[in-house]
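Notes follow the structure.
All figures in this text were calculated on a predicted structure; none of them were measured in a lab.
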Amino acid sequence: AQSVTQPDIHITVSEGASLELRCNYSYGATPYLFWYVQSPGQGLQLLLKYFSGDTLVQGIKGFEAEFKRSQSSFNLRKPSVHWSDAAEYFCAVGARTDKLIFGTGTRLQVFP
Amino acid sequence: GAVVSQHPSWVICKSGTSVKIECRSLDFQATTMFWYRQFPKQSLMLMATSNEGSKATYEQGVEKDKFLINHASLTLSTLTVTSAHPEDSSFYICSVSPSSYEQYFGPGTRLTVT
């Protein structure tokens, strides 16, 4: 069965520090992978996606993610975090029927 | 991407009443929309896939008679929570899918049942 695991429930970083949010997936075929961000009380905004090709994908707000098939991972990174990046981050995998399967999310807290 | 709106953004209703939530695709004709439910500090759980002009497809465990979905046009899908109870209190989010697997989400509707 398809599944997405985000091992880190809560991460705290200082503003200006680098960030890596982990995502592991289980899927029988080539996955379509996504990272979304959700601010409190808001819907989800698409940060970036991977369908095929270059395994390092660039997204909005300075985020990037790298697809590693051998590790079944799609970790999200940002070299320098801003206070406005504090939010909930969800990794998702696209299933065959266009459905998205979401991970449990990682809450990012940024200290000044 | 696609722009999606939801109305209302927040609704409080009494137990036993019904509540309708609208999801509109503002710049894209959506033959398919998705409805999700999100409990506090939890992930999104797909409730149903709304198909324009046909019946919605519900996920296992979702009561179709309680969560009525109507997708009458290419820009509007509605979710009606019938005979709402406090346990139905949640954050309901819809999305549209302009192309395979890409989904763009609305801002969500917070339902509180008292």
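When heavy atoms are compared at a cutoff of 4.5 Å, A/Q45 does not approach chain B at all. Both the backbone and the side chain of B/L44 come within contact range of chain A, each with at least one heavy atom under 4.5 Å from a heavy atom of that chain. Residue contact with chain A, scored on non-hydrogen atoms closer than 4.5 Å, is absent for B/Q6. Both the backbone and the side chain of B/Q103 come within contact range of chain A, with heavy atoms under 4.5 Å apart.
Surrounding NE2 of B/H7 are at most 12 heavy atoms belonging to other residues, nucleotides or ligands under 6.0 Å away. Summarising the local packing, CD1 of A/I9 is surrounded by 12 or fewer heavy atoms from other residues, nucleotides or ligands at distances under 6.0 Å. More than 12 heavy atoms of other residues, nucleotides or ligands sit less than 6.0 Å from atom NZ of B/K66.
The hydrophobic cluster containing B/W35 also contains B/V11, counting ILVMFWY residues as joined when their side-chain heavy atoms lie under 4.5 angstrom apart, directly or transitively. B/V62 and B/L46 fall into different hydrophobic clusters, defined by Ile, Leu, Val, Met, Phe, Trp and Tyr side-chain heavy atoms under 4.5 Å apart, directly or through other members. Cluster membership for A/W35 and A/V13, using ILVMFWY side-chain heavy atoms within less than 4.5 angstrom, is shared.
For the atom pair A/L46 CG and B/S95 OG, the distance stands at 11.5 Å (nearest 0.5 Å).
In terms of heavy-atom proximity, A/F90 sits nearest to B/Q38 at CZ-NE2, 3.5 Å.
Chain B forms the most heavy-atom pairs under 4.5 Å with one residue out of A/Q42, A/R107, A/E88, and that residue is A/Q42.
At distances below 3.5 Å, at least one donor-acceptor pair connects side-chain atoms of B/S43 with backbone N or O atoms of A/G103.
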(request) Determine, stepwise, if the pair A/K99 / B/T57 fulfils side chain to side chain contact (heavy atoms under 4.5 Å, CB included). (result) CA-CA 12 Å; A/K99 297 178 185 179; B/T57 304; 5.7 Å; no
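Sorted by first and then second residue, the ring pair (Phe, Tyr, Trp, His ring centres under 6.0 Å) pairs with a member in residues 36-57 of chain B read A/F102-B/Y36, B/Y36-B/F105; sequence neighbours excluded.
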